[in-house]
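Remember, it's a predicted structure, so these values are computed and weren't measured experimentally. Numbering of ligands and ligand atoms starts at 1, following listing order.
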Amino acid sequence: MYTGAMINLETKIEQLPKTGIKQAGKLRKLGIEKISDLIFHFPFRYDDYSQIENISKIYQGQATTIAGKIISANTSRTWKKRMAVTEILIRDGSGTIRAVWFNQPYLRDSLTAGKQIRLSGKVSSDANGLFFSNPAWEMAAREPTHTGRLVPVYPETEGLTSRWLRWQIQMVFKSGFQIADPVPAAITKKLNIPPLEKALKFIHFPKTKNEYLIARKRFAFEEMLLIQLKYLQIKSSWKNESSIKIKFDEKLIKNFVSSLPFQLTGAQKKSSWQILQDMGKPRPMNRLLNGDVGSGKTIVAALATLQTAENKYQTVIMAPTEILARQHFEEFCKLFANYNFKIALLTSSYKITNKNHDPNSKIKTAKPAKFSSLKNSEIENSLKIRKLKIENFNSHTNYKTIKREELLDNLQTGKFDILIGTHAVIQKDVRFKNLALIIVDEQHRFGVAQRAYLQQKTSEINDGIKNKAPHFLTMTATPIPRTLTMAFFGNLDISFLDEMPKNRKKIITKTVPSRDRTKIYEFVRAEIKKGRQAFVILPLIEESGAMAEVKAAVSEHKRLSEIIFPEFKVGLLHGRIKPKEKEKIMRDFQNKKCDILVSTSVVEVGIDIPNATVMLIEDADRFGLSQLHQFRGRVGRGKFQSYCFLFAEKSCQRLKILEKNSDGFKVAEKDLAIRGPGDFLGTRQSGLPDIAMENIANAKLIQISKEETRKLLASDPRLARYPLLRTALAKFEEKIHLE
Ligand code: ADP
Ligand code: MG
């Protein structure tokens, strides 16, 4: 036994009784190292076993609880497999029923005749009538933990069950340890939400549904409060900054735009205009570009970069992964093939630049002044050459690998105009001569918190310009309904790319009952024979955690590569693959080294694989519509007609929305309407549905947290009176940094 004095939030998990090295290793897989991690390991579901039923009333298929006396018990071994089978007979006032457990020989000692027990589980039946198979159980005298209540179900890992977690968490609670609440008591009281300790108890061991709902609300509020605090702090420091004015040069922009092989959409024009106007002001821009996958955010970013580079200032562009950074690098080299800009790529594995400009090239730089004095025929001619250059730009002959030091040196002396990379670009030793524009492409995640973090981080960048802050542009592909964005981001400036480029082929989307999969496989086969490629996405497996998901992916990969498509190359991607390896697999797929890519939901969004035309999603009904829409966006990026097939067990009304709508904003709005805010944007692989996501949808909560934040900071800008809140904020920053 341990006492409360011995245990606190920082106590290592190994120090809990019955938690040896082995158990600790398993816990680590779930990210649990300290007591605090354990008690913040939240259930993702509750099974309602709170009603105790009369044995005479139960029926097959019912999930229920009974309580009674064991009148006989017997453990034997099966003849064939030598497996232990424990069978008991229980009686309550109304009748008797059997319960059977397999492979748990030790039950023999606990489940003996005469004992009063409680069972929860699903009722099965065989030739001998109704029975419980492997039900949860505990002694009737015990306080209900695993049975006879709302039973919490946790993300698990192999060898670590919810039962075990429940038991440990309850031990921690019983130890009488204390945890201080970072949210000021005045606020929890006023909003009538439970203080931390109570909320934790509610979330793990709720007596009623209302208890866990109100606990979730509290955690959502807390996270929102932290986000808002971070925001307001950054905003107030941002407000006092001044920035370089980047002159808006209409001719330059027009010239560039007309050299593109396509026309800008109205939304692209409008957004670019807003951004370029912002950058011309003496206050730093702080703008979010919100546009669906494929809406053409890169070009808008390129325009802002062009304007900056022409004014001889530097731009940095940050992408969440190496492969996306590289893709941007290639795209920018291509787009600026006619300009004399030096572009560098910096990630942990790449240090690359574009080669020097070919001095014999007909068009050295796009000189707007000269350009305007050209005759029409000359203009047309030069445009033609430009377009040809852009279209025929061959990446491989145009790059050069350089040393990191040289790259950094050139950056600091201003020889490089544009730096593209991953988080590697905000390392301490990266210095600029005159950085005036920061672009962050978040792509796959909403990352409200990350945004705040990055903004703070980037404000620490050594940009080489005294007393001036760079302009800041972030881009996100998560189609958040307009109303919600407004409520959430408040005073942040937002541009919407709510219009798709013309001539984009609609991705043909179909919901398919699982039994009709053969037809679809034939279709996939035909596409691949035409030279195309396909994605197969596997569902989230929430019940049993990440390991089960990996297993499912491995076995589906085996099935597809050995049985269904033995003639094709099938690649595999899942959450346990290291980032480096993951990049390589994506790259290989991009280079057509395999025909089909089987992946769990970790597949990178934002990556361009124009040759892929089929997106096949298993158990599609398990995903949120917005997430499905993001997956769908992986195809249809080239000139070929593309398809998205959604496998589902039963016909699902929700999925039909995707068949009918190709606009991500519309999909998000309809999803929101159907599922209610709580489920909007889907759930994560572990833990509660992402609380921050829930927040987005909960406009009222946002409003309240905003108000409270404002009041807090107004009375105490440095949170001097709230050390716990300050610590929570620092921890929160750390967390979002690591995510
Ligand atoms: P995202 O918004 O998802 O980042 P991208 O910027 O990668 O989208 O653009 C997707 C594709 O659409 C690219 O191949 C790009 O060249 C092309 N594209 C962008 N704008 C237009 C347009 N106005 N007309 C036609 N194609 C466009
Ligand atoms: Mg993009």
Task: Check: Gly296 N/O within less than 3.5 Å of ligand 1 N/O - done: yes
- [ ] Could you tell me whether some N/O pair between Phe262 and ligand 1 is separated by less than 3.5 angstrom?
- [x] no
Task: Within reach of ligand 1, part of Arg637 (heavy-atom separation under 4.0 Å) - done: side chain
Open item on the list: As an exercise, identify every atom of ligand 1 less than 4.0 angstrom from a heavy atom of Thr265.
Closed with: 23 (N)
- [ ] Calculate, to the nearest 0.5 Å, the distance between atoms CG and CD belonging to Asn434 and Gln314 respectively.
- [x] 5.0 Å
Open item on the list: Under 3.5 Å between any N/O of Lys502 and any N/O of ligand 1: does that happen in this structure?
Closed with: no
TODO: Could you point out which residue of Asp292, Asn661, Asp663 forms a side-chain hydrogen bond (donor to acceptor under 3.5 Å, both in side chains) with His629?
DONE: Asp292
- [ ] May I ask you to identify, for Thr298, whether its side chain, its backbone, both or neither come under 4.0 Å of ligand 1 on a heavy-atom basis?
- [x] both
- [ ] Specify side chain, backbone, both or neither for Asp441, according to which of its non-hydrogen atoms lie closer than 4.0 Å to ligand 1.
- [x] neither
- [ ] Using distance alone, determine whether Gln263 and ligand 1 share an N or O pair under 3.5 Å.
- [x] yes
TODO: Can you sort out the partners of Lys247 under salt bridge (charged side-chain N to carboxylate O under 4.0 Å, His left out), two or more places apart, ordered by chain and number?
DONE: none
TODO: In plain terms, say whether Asp417 and Lys342 are close enough for a salt bridge, that is, a side-chain N and a carboxylate O under 4.0 Å apart.
DONE: no
